[in-house]
Amino acid sequence: MIEFANLLGKLNWNALPHDPITAGGAATVVGGVLVVMAALTYFKRWKWLWKEWLTSLDPKRIGVMYIVVAIVMLVRAGTDALMMRAQQAVSVGNNHGFLSSNHFQQIFSAHGTIMIFFVAMGLMFGLINLVLPLMLGARDVAFPFLNSISFWLFGAGVVLVNLSLVIGSFSAAGWLAYPPLSELRYSPGVGVDYWIWSLQIAGIGSLLSGINFLTTIIKMRCKGMSLMKMPMFVWTVMGAMTLVIFAFPILTVTLTLLYLDRTFGMHFFTAGAGGNMMMYVNLIWAWGHPEVYILILPAFGVFSEVVATFSRKRLFGYTSMVWATWAIVVLSFSVWLHHFFTMGAGADVNGFFGIMTMVIAVPTGVKMFNWLFTMYRGRILLATPMRWFLGFVVLFTIGGVAGVLLGVPPIDFQLHNTLFLVAHFHTMIVSGVLFGYFAGVTYWFPKFSGFRLNERLGGYAFWCWLVGFILAFVPLYILGLMGATRRLDNYSPSLGWQPLFIVAGVGAAIIAVGLTLQILQLLVSIRQRQQTRDTTGDPWNGRTLEWSTPSPVPFYNFAVTPEVDSRDPFWAIKQARSAGIEDKSTYEAITLPKNSPIGLFVGTLAFLIGFGAIWHIVWLAGISLFGILVLVIVRSNDDHTERHISAKKLEELDKQARTQERYA
Amino acid sequence: MSKQDKVVVAQHDTNRGTLASYVTGYIFSIYLTFAAYLMVYNHLFSNIVLTTVIVILALVQFIVQVLFFLHLGRETKPRWKLAVMLFMIMVVLILVGGSLWIMSNLNTRMTPQQMNNYMNNQQGL
Amino acid sequence: MSATATVVDDNSDKPILGFWIYLMTDCVLFASLFATYAVLYNNTAGGPSGFQLFNLKNVLAETLILLTSSFTCGLAMLAAHKGDRDRTLAWFGVSFLLGIAFLALELTEFRHFVQTGNSWRRSGFLSAFFTLVGTHGLHITVGLTWMVTLMVQVFRRGLTRATIRRLTMLSMFWHFLDIIWIFIFTIVYLRGAIAP
């Protein structure tokens, strides 16, 4: 219950870490933040950071910030994974490894939560911010200010989840926090509350982004770009954002109901007084299933762009791809029970959802064949993005058929919550979502930085991920079939599982090498950037509009908004150019949003609301909520939120961008 | 700039109503509200019929208010607001309908006292 | 480029579409709460059911008040499009007062339940009831706050394109809340009053 007596709610000195491993984690977080702050001070870059990044409403800047945060979170959650693999490789029989059970549970809960909400969603929103307006021939998203709010709410969620390493502890109830374990009675600490509020705040950011990007696609396509001329990436983003807007409210409600149970003594999911725990599972997966399609659809979109570009051939079966995308969107609302076949529903219910699960595999298969047909008789260039795609083709197909297997209820009764399931969803998310966004980042990197990534290191990194993933997860498929359940922190030696866990541990270590190589790739590429400068803006001989801009892209995107009349519009423009047809461009004055610190302030206040809600510091939450209201009113009364660039100035800037050498 | 103003006015027209539409909507809504209320207050039909009727009346009032207060009928092509609303209705039907089906199925099968009766009635399960 | 005046979309109604999409997400939010209410409807844990608790006359009053408030909001928008600032503010003022009256009646009902030992802590059913109806009430509160803020803005700046656009969004929100109330009135109160 709420303690009104204490000004700091439940917060006291006990919240600080008290064992070496958690202290180490806390020290890393605090240390990391301090190092960054010290570097900013030493290089006198605070003002630059404030002006160019933190208060920017430019989606190209916001996109980079999302991706940077996502990569940092990938390192964090990847470390969690290494700890889990290490524990499971050694914790056999009387040896209980180096992690306590409670700590192990927090680690796997944090690993899943961070990977889904902050790594995958972060990479996705990052790429959409960067690429979507450009692909549409637009200068910005529909609601630039709201875009900033979304990013900073995401940031607040990131801070909360990582703060749990330093003050208090994280949830030990898994990445979805099922009751009764997540109810107050069995999780009396603040862990589950950190989980709730981190996701609640980030979730609102996601919902706002969904509204933003959907409106952008509907309303801000350049002249001539009808729906059926949009690039495939745009279609998949449209599908994913449709899923976001209809699925995330369910998450908002479910998290709220759990918080109400824990804090106000309500009985939605309690083990008595009329609660129904199964309703939680039902609701959370009604959100959860669309969520995984939200993650994968834009990744499919990236692959569509990458395959066409690196096969030097237009995408095969565009119309069927569009239909397949919308089939996936609609169907993804009709399969969610397959996550709890074993909860006790009858054969009719299980059977219906099992069949729908089979059906939803079909449009994904259509997409896979279309990509392969695109490659057929194309002239393949095996650059890093294409490598990620090829790795995806092999692994995703395997993971996908494992999923179809799991979709058969009687089989699922054997495999539910075993490592087979864990291997399946990791295969989908790593080879699908992660490889897809890696392909996207490496594909579009030159466009936004002005120089190319080191191809050799990219290749090495890819192979480490591919080999590492196979070594890490094939043993898990086998272990699952042998009966190993998920989330075990100790097991009997007589089962003979240890060798497989050791192989899996080696695989995880190789993946870690791969991630290290990717970071090294970035650093090396930055150092080599003068030699690898992209002077044409079109390093891959691309087909879509973003490649028609200089690299890095000027803040206004297009000096003159393009007019298109076909798919792959940049390809068409290039054909026209080589046929000697001139671009006639007349410059017009434009307006763009000014910077604003309000997004950052709202994110900070949202963080404080979350912190207050977690530790029951009522005045803090209340004042912060009021503060957000004040900021909204302040912004509403601000008449000077835009800046104007005259046609003459625009012409000057454009000529400069196209002729001058650009530095990263 | 003036050309743009002309276009702007045209856009806004689809978000506006007329006095006639608001009054019509208001009167219809009052009528539908009282109809449902009085039917229940006087328990005019059996439980199931009554429930069905009031739900239908609610759906009718929903349509009335969407047309007369939210002016959805005035939207010109492409009808994005309508499309998004229809999609929402589909999701809501699946979510609510599906949840009710699933939860009632689970409740029947997973409740202890009833479980025994259920099992007794099932031969050779 | 010169002769075709209407085809060019100047994006001035982007916010309207965006706000409409937000309202659609709010519908899914309420749908989740309705689904939860329906599932927990019979979970009274030995406590009272809706049949025993709900006062239909009170609810009818709330319903008519909110409906009228939605109507006067429409009248306000008509005045706004005619450029009549004073009439706009007057009708929004009426909507505001009706909204306050609605909240007052609702809070009275809630207080009565709590004082007779039937708070949200009593049972799953009551948790669901208070949360569903309470969420609607919170939305009404936000709407009233928004209404006051916009009324001040209109008072000081007049009816500009920007303020009219914001009033349009507010009125969409306000109508939407009355639509949600139709379903609360029907599914919670009327359904509850039908003998079990």
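Here is how names work: the chains are called A, B, and so on, in the same order as the sequence lines, proteins then strands, and each is numbered from 1.
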Determine whether [X] and [Y] make a side-chain contact, defined as any pair of heavy atoms from C-beta on separated by less than 4.5 Å.
X: Ile16(C); Y: Lys81(B); result: yes
X: Met24(C); Y: Phe87(B); result: no
X: Leu60(C); Y: Phe34(B); result: yes

Flag yes if more than 12 heavy atoms outside [X] fall under 6.0 Å of its [atom1] atom; otherwise flag no.
X: Arg111(C); atom1: CZ; value: no
X: Trp20(C); atom1: CH2; value: yes
X: Phe28(B); atom1: CZ; value: no

Kindly state each residue pair satisfying salt bridge (charged side-chain N to carboxylate O under 4.0 Å, His left out) with at least one member in residues 87-99 of chain C, sequence neighbours excluded.
Asp84(C)-Arg87(C)
Scan residues 25-41 of chain B for pairs that pass salt bridge (charged side-chain N to carboxylate O under 4.0 Å, His left out), counting only residues two or more places apart or in two chains.
none
Closest contact, heavy atoms only, Ala36(B) versus Leu190(C):
CB-CD1, 3.6 Å
For the candidates Met39(B), Gln61(B), Met103(B), His43(B), which exhibits the highest count of non-hydrogen atom pairs separated by less than 4.5 Å from chain C?
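Of the options given, most contacts go to Gln61(B).
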Between Val96(B), Val84(B), Val92(B), Leu70(B), which shows the greatest number of heavy-atom pairs under 4.5 Å with chain C?
Leu70(B)
Chain B shares the most heavy-atom pairs under 4.5 Å, among Leu56(C), Leu17(C), Leu75(C), with Leu56(C)
Give the member of Ile21(C), Val28(C), Leu67(C) that has the highest number of heavy-atom pairs under 4.5 Å with chain B.
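Ranked by heavy-atom pairs under 4.5 Å with chain B, first place is Leu67(C).
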Side chain, backbone, both or neither: which part of [X] has a heavy atom under 4.5 Å from chain C?
X: Ser104(B); result: neither
X: Leu106(B); result: neither
X: Val23(B); result: both

Tell me, side chain or backbone of Thr25(C) under 4.5 Å from chain B's heavy atoms, or both, or neither?
neither
What part of Thr36(C) lies closer than 4.5 angstrom to a heavy atom of chain B: side chain, backbone, both or neither?
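No part of it gets close to chain B.
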Spell out the residues in residues 167-188 of chain C that have some non-hydrogen atom less than 4.5 Å away from a non-hydrogen atom of chain B, in order of number; otherwise answer 'none'.
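Listed by number: Thr168(C), Met172(C), His175(C), Asp178(C), Ile179(C), Ile182(C), Phe183(C), Phe185(C), Thr186(C).
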With no hydrogens and no angle check, just 3.5 Å: does a side-chain donor-acceptor pair link Tyr37(B) and Thr63(C)?
no
Rounded to the nearest 0.5 Å, how far apart are CD1 of Ile194(C) and OG of Ser46(B)?
9.5 Å
Between NE2 on residue His71(B) and CE on residue Met77(C), distance to nearest 0.5 Å:
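Separation between the atoms: 8.0 Å.
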Option among Tyr22(B), Phe68(B), Tyr26(B) that satisfies the ring pair (Phe, Tyr, Trp, His ring centres under 6.0 Å) test with Phe71(C):
Tyr26(B)
Would you tabulate the side-chain donor-acceptor contacts of residues 48-59 of chain B under 3.5 Å, counting partners in other chains and residues two or more places apart, or write 'none'?
{"unit_1": "Thr51(B)", "atom_1": "OG1", "unit_2": "Asn47(B)", "atom_2": "O", "d": "2.7"}
{"unit_1": "Thr52(B)", "atom_1": "OG1", "unit_2": "Ile48(B)", "atom_2": "O", "d": "2.7"}

